[in-house]
*Asks:* 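Quick one: this structure, given as structure tokens, is what I'll be asking you about.
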Amino acid sequence: MTDTHLTATTEQPAGASPGRPDGDALPAGPSAHAGPGARSPRLWSARRVPAAVVALVVFAAAGTLLYDVIAVRTGHRAAAWRTRLVEEMTTRPVDDPWLLATGVVAVLLGLWLLVLAVTPGLRRLLPLRVPEDSPELGAWLDRRSAALILRDAAMRVPGINSARVRVGRRRIVARAEFGFRDIAAVRDDLSQALRKQCRELALAHTPRLTVRLHHHTH
């Protein structure tokens, strides 16, 4: 029994013509649309989990502090944690390691919340093209669904035994194993099939397509 492994890799924009060299690749963006239509806007995530966590923390801290303030106003002693906190804040120097570490953690948490606030999220959804005369419409496709559609297109190519497709926001990587036919012919047919399927998906951005072939015979 012998194993023969032949690999070939090609990389082109998904909407490019088969003979176009990589050096003349079309840029990925609105100008590289594979057809007419307007781009669907990016969907913004509701960020429910971070919002819920922040709300719970703020509510718990504010509620605990308010309860202690009311207790002091009604003649009770201040809670031990509040007294200890005031003592630590008044006695520790500014360059204290614990104080610096707390400040760094607070800054990092603030930056994280700021990034969540100014970024749309939902990176798993790919925006699609919509008719230009209907800008109020929007269409999006899950990246996993797009990968399954492209995998089915790859499996329809003669000679392909198995295929795996990974779809990113700017790159599509297809890995396929074939058992017969010339590797160049399989590569060309597979690239054409995937480019055609990408055009039919009506993606708002033309992704860069990378095809990796693997020939395995026993």
*Asks:* Let me see the working for V72 and R82 under side chain to side chain contact (heavy atoms under 4.5 Å, CB included), right down to the final yes or no.
*Replies:* CA-CA 11 Å; V72 172; R82 186 181 173 194; 3.7 Å; yes
*Asks:* Would R208 and V173 count as a side chain to side chain contact (heavy atoms under 4.5 Å, CB included) here? Give the steps.
*Replies:* CA-CA 8 Å; R208 181 168 293 276; V173 179; over 6 Å; no
*Asks:* Distance-only, no hydrogens or angles: does the S191 side chain make a donor-acceptor pair with backbone N or O of D188 under 3.5 Å?
*Replies:* no
*Asks:* Contact between D152 and I149 at the side-chain level, heavy atoms closer than 4.5 Å - yes or no?
*Replies:* no
*Asks:* Does R187 pair with D182 as a salt bridge, N-O distance under 4.0 Å?
*Replies:* no
*Asks:* Does any part of the side chain of R171, heavy atoms only, come nearer than 4.5 Å to the side chain of T210, both counted from C-beta?
*Replies:* yes
*Asks:* Any side-chain heavy atom of R170 sitting closer than 4.5 Å to one from P207?
*Replies:* no
*Asks:* If two hydrophobic side chains count as joined below 4.5 Å and joins carry through other members, does L111 share a cluster with V53?
*Replies:* no
*Asks:* How close do A174 and V165 get, heavy atom to heavy atom, and via which atoms?
*Replies:* CB-CG2, 4.2 Å
*Asks:* Does the side chain to side chain contact (heavy atoms under 4.5 Å, CB included) test come out yes or no for Q192 and K196, once each step is laid out?
*Replies:* CA-CA 6 Å; Q192 291 180 15; K196 179 182 177 182; over 6 Å; no
*Asks:* So, do V105 and L109 sit near enough that their side-chain heavy atoms are less than 4.5 Å apart?
*Replies:* yes
*Asks:* If hydrophobic clusters are built from ILVMFWY residues whose side chains come within less than 4.5 Å, do M155 and L201 share one?
*Replies:* yes
*Asks:* Taking C-beta and beyond as the side chain, do I183 and F178 meet within less than 4.5 Å on heavy atoms?
*Replies:* yes
*Asks:* Rounded to the nearest 0.5 Å, what separates atom CZ in R73 from atom CG in D68?
*Replies:* 11.5 Å
*Asks:* Restricting to non-hydrogen atoms, name the atom on L190 and the atom on A176 that form the minimum distance, rounded to 0.1 Å.
*Replies:* CD2-CB, 3.9 Å
*Asks:* Taking all non-hydrogen atoms of both residues, which atom of L203 and which atom of L126 are closest, and how far apart?
*Replies:* CD2-CD1, 4.1 Å
*Asks:* With a 4.5 Å limit on heavy-atom distance, are the side chains of Q197 and R156 in contact?
*Replies:* yes
*Asks:* List the steps and the verdict of side chain to side chain contact (heavy atoms under 4.5 Å, CB included) for L141 and L125.
*Replies:* CA-CA 5 Å; L141 179 64; L125 297 179; over 6 Å; no
*Asks:* Can a donor-acceptor pair be found, under 3.5 Å and without considering hydrogens, that links the side chain of T83 to the backbone of A79?
*Replies:* yes
*Asks:* Side chains of L113 and V54, heavy atoms from C-beta outward: is any pair under 4.5 Å?
*Replies:* yes
*Asks:* Applying the side chain to side chain donor-acceptor pair (under 3.5 Å) test to R92, which of D95, T90, D96 qualifies?
*Replies:* D96
*Asks:* Do R151 side-chain atoms and A163 backbone N/O form a donor-acceptor pair below 3.5 Å?
*Replies:* yes
*Asks:* Is it possible for you to say whether V57 and W81 belong to one hydrophobic cluster, with membership spreading through side-chain heavy-atom contacts below 4.5 Å?
*Replies:* no
*Asks:* Do L209 and C198 come within less than 4.5 Å of each other through their side chains, counting heavy atoms only?
*Replies:* no
*Asks:* Rounded to the nearest 0.5 Å, what separation is found between the CZ atom of R175 and the CZ atom of R166?
*Replies:* 6.0 Å
